[in-house]
Amino acid sequence: QVYLEESGGGSAQAGGSLRLSCAMSGAIYRTTCMGWFRQAPGKEREGVAAINNDGETMYVESVTGRFTISLDNAKSTLYLQMNNLTREDTAMYYCAADSCVTLDWVLSIGVTRFDYWGQGTQVTVSP
C-alpha cells in the first residue's frame with residue numbers, strides 16, 4: 001500500500017502563488033509515476049501535471065509555464081509550485097501515484113487508472 005497526504009492548499013489572489021506538497025510513504029517502490037490532479041465544482045477530475053522517476057515532466061496546456069511539478073526522492077515528497085494563479089485554478093487538488101506507461105497516459109487516463117490517492121487539498125483563487 002502507498003499512502004499519500006497533501007498539504008499547502010489555501011486561498012490566494014489572482015496572480016499569486018501557492019506550493020502544494022504530497023508526502024509519500026509505504027510501498028513507494030511500486031510507483032514509477034506521480035501526478036497532480038484537480039477537480040473543480042461540477043466538473044470531472046482532470047490531470048494537471050505528471051512526473052516519472054527519471055524526472056521527466058508533462059503538463060496540461062492550461063497550466064504550462066505557470067505550474068511546476070517536482071519530486072524530492074530523499075524526502076519522498078512531491079511538489080506542485082503554482083504561479084500566476086487564475087480563478088480557473090480553483091479546485092480540490094489531489095496527488096496520485098502508481099506504475100505508468102507514459103506521462104501523457106498519466107494525464108489522459110490516470111484519473112481512472114491510478115490506485116493510490118491522497119485525500120485532497122483545496123485551492124481557492126479570488127479576483
Side-chain angles (χ1 to χ4, degrees):
Q1 182 70 12
V2 177
Y3 302 94
L4 306 172
E5 183 173 5
E6 303 94 338
S7 61
S11 299
Q13 290 189 324
S17 299
L18 286 172
R19 189 176 82 156
L20 306 182
S21 299
C22 175
M24 302 182 291
S25 61
I28 302 173
Y29 60 86
R30 294 180 179 177
T31 65
T32 58
C33 289
M34 284 67 66
W36 286 97
F37 298 78
R38 68 185 179 187
Q39 186 167 18
K43 295 186 177 181
E44 295 184 350
R45 191 173 300 187
E46 63 172 352
V48 174
I51 188 169
N52 61 20
N53 286 341
D54 293 328
E56 297 171 322
T57 60
M58 184 171 288
Y59 304 88
V60 292
E61 185 176 355
S62 61
V63 307
T64 298
R66 300 188 299 120
F67 289 12
T68 302
I69 187 172
S70 61
L71 176 64
D72 186 330
N73 284 307
K75 296 182 179 179
S76 297
T77 302
L78 181 71
Y79 299 99
L80 185 68
Q81 177 67 43
M82 305 185 294
N83 297 329
N84 196 19
L85 287 162
T86 71
R87 293 191 67 183
E88 288 67 36
D89 296 319
T90 295
M92 184 72 78
Y93 283 72
Y94 301 87
C95 64
D98 211 326
S99 57
C100 75
V101 178
T102 61
L103 290 179
D104 58 356
W105 178 93
V106 174
L107 295 180
S108 60
I109 65 172
V111 65
T112 61
R113 300 293 294 271
F114 269 24
D115 284 338
Y116 307 115
W117 292 84
Q119 81 289 349
T121 186
Q122 178 68 38
V123 171
T124 303
V125 183
S126 58

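All values below were derived from every heavy atom in this structure, side-chain atoms included, with hydrogens, water molecules and symmetry-related copies excluded. All values reported here derive from a predicted model rather than from experimental measurement.
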(request) Please lay out, stage by stage, how Val106 and Met34 fare under the test side-chain contact (heavy atoms from CB on, under 4.5 Å). (result) CA-CA 8 Å; Val106 174; Met34 284 67 66; over 6 Å; no

(message) Main chain of Gln119, side chain of Glu6: is a donor-acceptor contact present, judged purely on distance under 3.5 Å?
(response) yes

(message) Between Thr32 and Asn52, is the side-chain contact (heavy atoms from CB on, under 4.5 Å) condition met? List the steps.
(response) CA-CA 6 Å; Thr32 58; Asn52 61 20; 5.9 Å; no

(message) I'd like to check Leu4 versus Leu78 (side-chain heavy atoms, cut-off strictly below 4.5 Å). Are they in contact?
(response) no

Validation: residues 67-75 side-chain donor-acceptor distances under 3.5 Å, sequence neighbours left out:
{"from": "Asp72", "atom 1": "OD1", "to": "Ala74", "atom 2": "N", "distance (Å)": "3.1"}
{"from": "Asp72", "atom 1": "OD1", "to": "Lys75", "atom 2": "N", "distance (Å)": "3.1"}

(request) Give, for atom CG of Leu80 and atom OG of Ser21, the distance between the pair rounded to the nearest 0.5 Å. (result) 9.5 Å

(request) May I ask whether Val111 and Ile109 are part of the same hydrophobic cluster, defined by side-chain heavy atoms of I, L, V, M, F, W, Y residues being less than 4.5 angstrom apart, directly or through others? (result) yes

(message) With rounding to the nearest 0.5 angstrom, report the CZ to OG1 distance, Arg87 to Thr124.
(response) 10.5 Å

(message) When you group the ILVMFWY residues by side-chain heavy-atom contacts below 4.5 Å and let the links chain together, are Leu107 and Met82 in the same group?
(response) yes

(request) For residues 51-64, pull every pair meeting salt bridge (charged side-chain N to carboxylate O under 4.0 Å, His left out), keeping only residues two or more places apart or in separate chains. (result) none

(message) Does any part of the side chain of Ile51, heavy atoms only, come nearer than 4.5 Å to the side chain of Thr57, both counted from C-beta?
(response) yes

(request) List for me each residue that meets side-chain contact (heavy atoms from CB on, under 4.5 Å) alongside Ala23, sequence neighbours excluded, and say none if there are none. (result) none

Show every donor-acceptor pair shorter than 3.5 Å between a side-chain atom in residues 95-102 and any protein atom, with sequence neighbours excluded, or say none if there are none.
{"from": "Asp98", "atom 1": "OD2", "to": "Asp115", "atom 2": "N", "distance (Å)": "2.7"}
{"from": "Thr102", "atom 1": "OG1", "to": "Asp104", "atom 2": "OD1", "distance (Å)": "2.4"}
{"from": "Thr102", "atom 1": "OG1", "to": "Trp105", "atom 2": "N", "distance (Å)": "3.3"}

(message) Please determine whether the number of non-hydrogen atoms from other residues, nucleotides or ligands lying under 6.0 Å from atom CD of Gln13 exceeds 12.
(response) no

(request) Looking only at non-hydrogen atoms, find the nearest pair between Ala12 and Ser17 and report the distance. (result) CB-O, 4.5 Å

(request) Quick one: pull up OG1 in Thr31 and CG in Asn53 and give me the separation to the nearest 0.5 Å. (result) 6.0 Å

(message) Going by the rule side-chain hydrogen bond (donor to acceptor under 3.5 Å, both in side chains), which residues pair with Asp89 if we only count those two or more places apart in sequence or in a different chain?
(response) Arg38, Arg66, Thr86

(request) Could you point out which residue of Tyr94, Tyr93, Trp117 forms a ring-ring contact (aromatic ring centres under 6.0 Å, His included) with Phe37? (result) Trp117

(request) Identify, with sequence neighbours excluded, every residue that meets side-chain hydrogen bond (donor to acceptor under 3.5 Å, both in side chains) alongside Gln81. (result) Asn83

(message) Quick check on the hydrophobic clustering: are Leu103 and Tyr79 connected, directly or via other members, by side-chain heavy-atom contacts under 4.5 Å?
(response) no

